[in-house]
Structures are given as structure tokens and as C-alpha cells.
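The next block holds one structure in the form of C-alpha cells; read it before the comments.
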Amino acid sequence: MADAVAPPVCINDTLTDDELRSILSRLESDKDKEVFGLVCKRWLHLQSTERKKLSARAGSHMLRRMAARFTRVLELDLSQSVSRSFYPGVTDSDLAVIAEGFKCLKVLKLQNCKAITDRGLALIGGGLPSLQSLDASYCRKLTDKGLSAVADGCHDLRSLHLAGCRFVTDGLLFSLSRNCKNLVELGLQGCTNISDSGLADLVNGCQHIRFLDINKCSNVGDVGISKVAEVCSSSLKTLKLLDCYKVGDESIFSLSKFCKNLETLIIGGCRDVYDESIKSLAAACKNSLKNLRMDWCLNISDSSLSCILTQCKNLEALDIGCCEEVTDAAFEDLRNGEIEISLKVLKISNCPKITVSGINMLLNQCNSLEYLDVRSCPHVTKADCEEAGLVFPAYCKVNFTGSLSEPDVLV
């Protein structure tokens with residue numbers, strides 16, 4: 001008698017929801033996860049409920065449908081493109097839907113959503129207590145009122161980016177200090193109403209800041225930066241002070257004294273910074289410093305640059321553009337052959353006293369260079385380099401005329 005044929009087994013009758021979720025979690029690409037949802041309605045439902053990230057355009061009706069389908073979303077990106085924005089874009093009504101429908105949300109990105117106001121932000125603050133990261137950069141209608149409502153309602157907030165929000169004042173920093181003790185990342189580029197007093201208030205409560213961007217905050221000076229350096233000494237890794245013209249040596253000496261783990265420092269345009277403070281920084285952060293931008297620091301000369309190059313062994317990116325006092329002598333200490341630097345990006349545009357001789361000394365001790373900016377260096381032209389027989393690393397891009405795109409590591 002022939003063997004009986006076993007009845008077919010349906011995979012949906014065999015695997016539980018938890019087992020299917022386990023399979024889904026092992027799919028690495030987003031495309032594979034989308035294909036998983038095409039098998040049947042049950043698999044689509046599981047794929048939808050397990051989705052953690054969404055990017056979407058505005059529209060209350062669409063957002064409601066998405067909230068009903070994707071119930072466990074943790075990250076929502078509604079950012080608008082500067083070049084391809086649409087009117088009116090994201091509105092307060094959309095934020096109301098988000099606050100009501102995406103209760104698990106931890107990350108919300110709203111860059112360039114220019115129509116939203118304090119009313120919408122207040123709804124976010126009241127409806128999303130688990131929110132940990134908010135990027136509302138260039139949402140130009142926002143003020144302390146709406147953003148303070150977020151601080152009041154989202155006590156686990158850890159990252160806040162508000163570049164270009166020109167109505168932000170010290171009042172917000174006080175609210176953050178009082179309510180958001182876990183804040184580690186704060187971007188305030190161009191918030192010109194921020195002052196030393198606000199920074200002091202901020203770090204009274206937020207004492208673990210790792211990333212602070214106050215580029216172009218022209219009312220910030222040495223008092224505020226020194227306070228941040230002292231309080232956040234063990235945590236601070238990135239500090240951006242581009243065009244903060246009130247910042248000088250006192251701030252750099254404070255960073256040298258307290259912040260031994262500093263990795264990125266942007267002080268371009270801080271014209272009251274001199275050699276001695278940079279030398280102290282090189283000694284204090286010789287094992288940690290990776291990125292240093294000090295273009296337009298007109299009082300920087302060979303002695304401090306030599307210290308940076310010879311002591312900061314992990315330095316990867318350096319910008320000394322328009323530091324007109326720097327000469328080939330800054331590279332001379334590299335000639336002893338004992339120092340091998342790991343520099344990947346070097347920008348020396350508009351340094352008229354640097355020649356191909358200095359570049360050659362650098363290249364002899366640095367085979368990791370990937371980008372070199374020598375624009376407007378009259379003694380480092382393409383012809384000069386060819387005549388001197390300079391040999392650049394095979395993958396190094398040399399920007400002689402401005403025709404190459406620049407790396408954004410020092411922005």
C-alpha cells in the first residue's frame with residue numbers, strides 16, 4: 001500500500017506572531033522588510049506594527065492613517081527640503097495628529113517646517129512625554145513659549161536642534177535646565193539672543209552636555225564658555241563657536257584646564273585667540289582632539305600650529321584658512337621623522353606665506369591625507385607642486401581653484 005501523502009501545512013497555521021516578528025527582525029534591508037509585508041494581510045500587519053522609522057510629507061488625513069497602521073513608530077521625519085519645499089507644508093494641525101497618534105515617538109524631525117508655531121509645539125510637549133530628540137531647525141516662527149512647553153512635557157529630552165530659530169532666548173535654556181536633566185546635545189546656531197547668563201543657567205541643570213553648537217551666537221563670550229567647560233568637563237566632546245567674536249583666550253584656557261576629552265573644536269573667526277592658549281589646548285587634548293577649525297584666527301602663528309601638528313596624534317581635520325602669519329616653519333618639526341600624523345583634511349586657503357616646501361614636509365610624514373585646500377595660496381599652485389615633484393596620496397583631492405566640493409567635517 002502506497003505511503004499516505006501528508007496534508008499540506010500552512011505556514012500561518014504553524015508560526016506564531018512572535019516567531020514571525022523574530023524572522024522580520026533578522027531581515028537587514030528595508031527592501032526585504034517591505035517584501036515581507038506583501039505575503040499576506042497578517043504579515044503586512046506585523047510588518048506595519050514593527051516599523052520603527054517613517055519619513056512622510058504633510059497632511060493630517062495621511063498622518064492619521066499612518067498612525068493607525070504604524071503603531072510602534074519611534075522616529076518620524078517630516079523635514080522639508082530647502083530647495084523643494086511645498087506650501088504650506090507641515091502645520092500645527094499636523095503636529096496635533098502626531099501628538100495624539102504617535103504616542104511611542106522618541107525622535108521627531110521638523111527641519112525647515114516654516115509654518116509651525118508655538119501652538120503646535122505645545123501640543124507636542126503635552127502629547128509626547130517619551131520624546132528624546134527634536135530637530136526644529138529653521139522653524140522660524142518658534143519662540144521660547146512653544147519650545148519651553150516641550151521642555152516642560154518631555155523630561156527625557158536628550159537632543160534638541162534649533163539652528164536659525166532667531167527668537168530663542170535665555171529663557172528656553174532656563175526651562176531646559178529645570179526640566180531636561182538628560183540633555184546631551186544642543187544646537188543653537190544663529191540664535192543670537194543667547195548669552196553667557198543663559199549658558200550658565202543651562203549647565204546648572206544639564207551637566208552632561210556632549211555636543212554644543214553655538215556657531216554665530218554673537219552675544220556669547222568667555223564667561224559662558226568657561227562655565228560650560230567647568231561643569232561639563234568630563235562629557236563635552238564637541239564645541240562649535242564659529243564667529244563668536246567675544247570668545248578669546250580665556251575660553252581656550254578653560255577648555256584646556258577642564259575638558260581633556262574634547263574631540264571637535266570650531267573657533268573660526270574668534271580673533272582674540274592667541275598662540276599661548278592654543279599651545280595649552282594641544283598639550284591638554286593631545287590624545288582626544290580630532291577636528292580643529294581656526295580659520296580667521298589672525299593671531300595664530302607657527303609656534304601654536306607646530307604644537308598642534310606634533311602633539312595631537314589623533315588629529316584628522318584642521319582648518320587654518322586666512323591665518324596669514326603661518327609659514328613653512330610650522331611644519332619643520334615634522335622633519336625629524338619621529339612623528340607620523342593621521343591628518344585626513346587640511347585647509348590652508350589664503351595662507352600666503354606657506355609654500356610647496358611646507359607642504360612637502362607635511363606629505364613626508366602624512367600618508368593619510370584625503371583633502372587639501374590650497375586655494376589662494378600664491379606659492380602652492382598646481383604648477384608649483386608639479387615642478388617641485390610633490391607626491392600626494394593616490395586618493396587625495398587637492399583643491400587649487402575651488403572646483404572641488406568640500407568635506408563638511410569642519411562645518
Side-chain angles (χ1 to χ4, degrees), residues 48-56 58-79 90-111 113 115-137 139 141-163 165 167-188 191 198 201-212 232 235:
S48 299
T49 56
E50 290 301 302
R51 185 139 180 185
K52 298 297 188 288
K53 296 182 181 181
L54 282 178
S55 295
S60 299
H61 177 68
M62 179 61 70
L63 286 170
R64 286 192 187 93
R65 294 184 64 183
M66 292 171 67
R69 177 180 171 185
F70 303 107
T71 57
R72 300 186 184 184
V73 166
L74 301 178
E75 180 176 332
L76 180 61
D77 188 352
L78 293 176
S79 299
V90 179
T91 66
D92 290 341
S93 298
D94 298 327
L95 296 188
V97 174
I98 293 169
E100 180 64 29
F102 292 90
K103 291 297 185 181
C104 297
L105 208 62
K106 292 183 180 295
V107 178
L108 179 58
K109 298 179 181 180
L110 299 169
Q111 296 175 41
C113 295
I116 63 175
T117 71
D118 289 337
R119 175 177 165 272
L121 262 289
L123 296 172
I124 294 296
L128 300 177
S130 298
L131 194 68
Q132 295 181 353
S133 176
L134 173 64
D135 190 341
S137 297
C139 298
K141 294 182 180 180
L142 300 182
T143 74
D144 289 354
K145 182 179 179 181
L147 293 163
S148 292
V150 173
D152 290 342
C154 306
H155 290 180
D156 198 27
L157 195 67
R158 302 177 188 187
S159 175
L160 179 62
H161 285 265
L162 301 171
C165 295
F167 295 124
V168 169
T169 74
D170 291 340
L172 172 62
L173 301 190
F174 180 77
S175 295
L176 291 170
S177 175
R178 186 180 58 192
N179 296 298
C180 303
K181 307 294 185 183
N182 295 324
L183 190 71
V184 295
E185 189 168 316
L186 182 60
L188 297 170
C191 298
D201 284 339
L202 174 71
V203 297
N204 279 339
C206 304
Q207 300 184 353
H208 305 289
I209 299 291
R210 291 201 301 258
F211 175 101
L212 181 61
C232 302
S235 60

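Everything numeric in this text was worked out from a predicted model, so none of it was measured.
- For the atom pair SG (Cys104) and CG (Leu74), the distance works out to 7.0 Å, reported to the nearest 0.5 Å.
- A pairwise comparison of heavy atoms in Ala149 and Ala122 identifies CB-CA, 3.8 Å as the closest pair.
- A distance of 10.5 Å separates CG of Leu147 from CG of Leu173, quoted to the nearest 0.5 Å.
- Using a distance-only test at 3.5 Å, with no hydrogens or angles considered, no donor-acceptor pair links the side chain of Asp77 to the main chain of Ser55.
- The shortest distance between side-chain heavy atoms of Lys145 and Phe167 does not fall below 4.5 Å.
- Judged by distance alone, with hydrogens and angles left aside, the side-chain atoms of Lys103 form a donor-acceptor pair with the main-chain N or O of Gly127 at under 3.5 Å.
- Here the options are His161, Arg210, Arg158, the test is side chain to side chain donor-acceptor pair (under 3.5 Å), and the partner is Glu185; only His161 passes.
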Audit row: Phe102, Leu108, side chain to side chain contact (heavy atoms under 4.5 Å, CB included) steps and yes/no
CA-CA 10 Å; Phe102 292 90; Leu108 179 58; over 6 Å; no
Before you tell me yes or no, could you show the steps for Leu142 and Val168 under side chain to side chain contact (heavy atoms under 4.5 Å, CB included), namely the whole-Å CA-CA distance, both residues' side-chain angles and the distance that decides it to 0.1 Å?
CA-CA 8 Å; Leu142 300 182; Val168 169; over 6 Å; no
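- Side-chain contact between Lys109 and Glu75 is present, with heavy atoms from C-beta onward closer than 4.5 Å.
- When only modelled atom types and interatomic distance are considered, Ser177 and Asp201 share no side-chain donor-acceptor pair under 3.5 Å.
- The structure places SG of Cys113 at 9.5 Å from CG of Asp135, a figure rounded to the nearest 0.5 Å.
- Pairing each heavy atom of Leu176 with each of Cys206, the nearest pair is O-SG, 3.5 Å.
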Given the rule in the side chain to side chain contact (heavy atoms under 4.5 Å, CB included) test, do Leu78 and Leu63 qualify, once you have shown the distances and angles that lead to the verdict?
CA-CA 10 Å; Leu78 293 176; Leu63 286 170; 4.3 Å; yes
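- The environment of NZ in Lys53 is sparse: at most 12 heavy-atom neighbours from other residues, nucleotides or ligands sit within 6.0 Å.
- In this structure, the side chains of Ile98 and Leu128 come closer than 4.5 Å at one or more pairs of heavy atoms.
- Considering all non-hydrogen atoms of both residues, Ala67 and Gly101 come closest at CB-O, 3.8 Å.
- Atom SG of Cys232 sits about 8.5 Å away from atom NE2 of His208, to the nearest 0.5 Å.
- Expressed to the nearest 0.5 Å, how far OG of Ser133 lies from NZ of Lys106 amounts to 11.5 Å.
- Arg178 has a carboxylate O that lies under 4.0 Å from a charged side-chain N of Asp152, or vice versa, which qualifies the two as a salt bridge.
- Of the candidates Thr143, Asp92, Thr91, Asp92 is the only one forming a side chain to side chain donor-acceptor pair (under 3.5 Å) with Thr117.
- Heavy-atom minimum distance, Ala136 versus Cys165: O-SG, 3.3 Å.
- Between Ile124 and Leu134, the closest side-chain pair of non-hydrogen atoms is not below 4.5 Å.
- In terms of heavy-atom proximity, Asp156 sits nearest to Gln132 at OD2-NE2, 3.0 Å.
- The pair Arg64-Glu100 does not count as a salt bridge, with every side-chain nitrogen at least 4.0 angstrom from each carboxylate oxygen.
- With hydrogens and angles ignored, the 3.5 Å screen pairs a side-chain donor or acceptor of Ser235 with a backbone N or O of Ile209.
- A distance of 8.5 Å separates CD in Gln111 from SG in Cys139, rounded to the nearest 0.5 Å.
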Could you walk me through whether Val150 and Leu160 pass side chain to side chain contact (heavy atoms under 4.5 Å, CB included), step by step?
CA-CA 10 Å; Val150 173; Leu160 179 62; 5.7 Å; no
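- Nearest heavy-atom pair, Leu54 versus Met66, reported as atom, atom and distance to 0.1 Å: CD1-CE, 3.5 Å.
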